Amino acid sequence: MLAPTLTEELLQIQATARRLAASFAERAAAHDQDRSAPLENYAMLREAGFFGMAVPKEYGGMGAGLMGWAVAAEELAQGCPSTALSFNMHVMNTGIVFEDPAIAESAKRLFARKVMEEGNLTCGIASEPGSSSLLGGSFTIFTKARRVDGGYRLYGQKRFATMWEASDLAFMWVKEEGDERPDGAMAVLVPTKGEGVTVHDVWDTLGMRATRSNTVTLDGAFVPDGNVLCSVDSWVGAALMKNGAWMYGAYTNVYLGVGVAILNMVKELSAKRTAKGYAQPMSYHPDVRGRVAEVAAELDAARLVLRHAVAMHMETGPSLATLEAFVKAKYLTGRAVAKAAQYAIVACGISSLGRATGLERLIRDAASAAIQPPNEDFCLDIIGQMELGLDPAEIAPPIKLA
Ligand SMILES: Cc1cc2nc3c(=O)[nH]c(=O)nc-3n(C[C@H](O)[C@H](O)[C@H](O)COP(=O)(O)OP(=O)(O)OC[C@H]3O[C@@H](n4cnc5c(N)ncnc54)[C@H](O)[C@@H]3O)c2cc1C
């Protein structure tokens, strides 16, 4: 496996994540089958101090930032992809909040207390019914925030609300009533269990089933003033430019781990299976070797580009160059993971695709690698614009706007 050298602190994080992943793996099939929340895994992550992974040391956290999460996420995903993808939302929220200079110190202190002292788990919801990755009208926020005594009441619906039921707080963007800015929005931390919150159990998908990414209706859910993080002129702009590394880079490490898990399983299964009348296991077959080699090389390449992007973010913070590096890393990782899933089926054959091996579950979990934001077509569009030096304002929308 090719990867940049890790510091002592990162090696420690990696070792802890490996230990947790080994335990997660024992329950991953059951959570997938039942679409159940891996609550005991979240408790273990809390116990290991991982809730504070991206909370800076001066706020009581681990202060490992995006590099810490990159290393941990790849390992955790090998044990239970759903747990890693769900917990990614928590780490991403903390990374975004503590790295954003526009968020008030008082809000950071409150968030640090909630996470580090009260052990709160947080999910993060941007998607609403009807929204897509098209950077036009479908990114407009419809969830309304109405001013009331001491805070706001929220009205609207969010969907793909990963880990909502297991979380204490949800980071989301809402639109304050009367806000005339077309893309203006407010970031808030919403208590998930309060009055005016209804969860609709609709998440019954191909993969990542234990993420329980359900739909949530907000009908008067209360957000106290202290939980308002910031207000921005364009939340899409903020999301892409300021938070792009976390929003796009953090997930990508989880999917890289899913690809590695598939590769490892192909190696193991093909080494164990010997066909009738032959003296060597299937791993000796040149076509199996070739497929393993191709996937291993592409996953290693994806990891190097991804870690390079993470290092850029750690060293220089948000910039167009950093965003470009992440979009390239996401594209390469999505392709490598999709290839790992596709080649695994051919290399191992139907003998290995029964539920008992766990390979079919990993393949289902890998299916969303290419569509998890930024989806691969979005990545190519952005990379093409940047490589060609095009002015985004001069590019026609791909589909006619309403
Ligand atoms: C497992 C999982 C968990 C999730 N959890 C959360 C969560 O916790 N919070 C949350 O907010 N969201 C979550 N999401 C939703 C996610 O953030 C996206 O909003 C959602 O995936 C986008 O919708 P879509 O996949 O239906 O694809 P669409 O965005 O509708 O895209 C479909 C296809 O259209 C094309 N396309 C769309 N936009 C573009 C573009 N700009 N450029 C080029 N081509 C384009 C691409 O071919 C793309 O694959 C989750 C998604 C998954 C798969």
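One-based numbering, in listed order, for ligands and for the atoms of each. The shown structure was predicted, so the numbers you read here are calculated from the model rather than taken from an experiment.
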Strictly by salt bridge (Lys or Arg N to Asp or Glu O under 4.0 Å), give each pair with a member in residues 11-24 just once, sequence neighbours left out.
Arg18-Glu75

Do any pairs count as a side-chain hydrogen bond (donor to acceptor under 3.5 Å, both in side chains) and have a residue in residues 106-117, sequence neighbours left out, and if so which ones?
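Sorted pair list: Glu105-Arg109.
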
For ligand 1, output the ligand-protein N/O contacts shorter than 3.5 angstrom; if there are none, return none.
from	atom 1	to	atom 2	distance (Å)
ligand 1	5 (N)	Phe160	O	3.3
ligand 1	5 (N)	Thr162	OG1	2.7
ligand 1	8 (O)	Gly124	O	3.4
ligand 1	8 (O)	Phe160	O	2.9
ligand 1	8 (O)	Thr162	N	3.3
ligand 1	8 (O)	Thr162	OG1	3.1
ligand 1	9 (N)	Gly124	O	3.1
ligand 1	9 (N)	Phe160	O	3.1
ligand 1	11 (O)	Ala126	N	2.7
ligand 1	11 (O)	Ser127	N	2.8
ligand 1	11 (O)	Ser127	OG	3.2
ligand 1	12 (N)	Ser127	OG	3.0
ligand 1	19 (O)	Ser127	OG	2.8
ligand 1	29 (O)	Ser133	N	2.6
ligand 1	29 (O)	Ser133	OG	2.8
ligand 1	38 (N)	Leu134	N	3.3
ligand 1	41 (N)	Ser133	O	2.8
ligand 1	47 (O)	Asp377	OD2	2.5

Could you go step by step and tell me if Trp69 and Phe87 meet the ring pair (Phe, Tyr, Trp, His ring centres under 6.0 Å) rule?
CA-CA 10 Å; Trp69 178 237; Phe87 186 62; 5.7 Å; yes

Compile the donor-acceptor pairs under 3.5 Å between side chains in residues 44-52 and protein atoms, sequence neighbours left out, one pair per line.
from	atom 1	to	atom 2	distance (Å)
Arg46	NE	Gly119	O	3.0
Arg46	NH2	Gly119	O	3.0

Between the side chains of Ser368 and Tyr255, is a donor N or O closer than 3.5 angstrom to an acceptor N or O?
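Result is yes, a qualifying pair exists.
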
Return the orientation label for the Trp173 and Phe171 ring planes: parallel under 30°, perpendicular over 60°, tilted otherwise.
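Plane angle over 60°, so perpendicular.
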
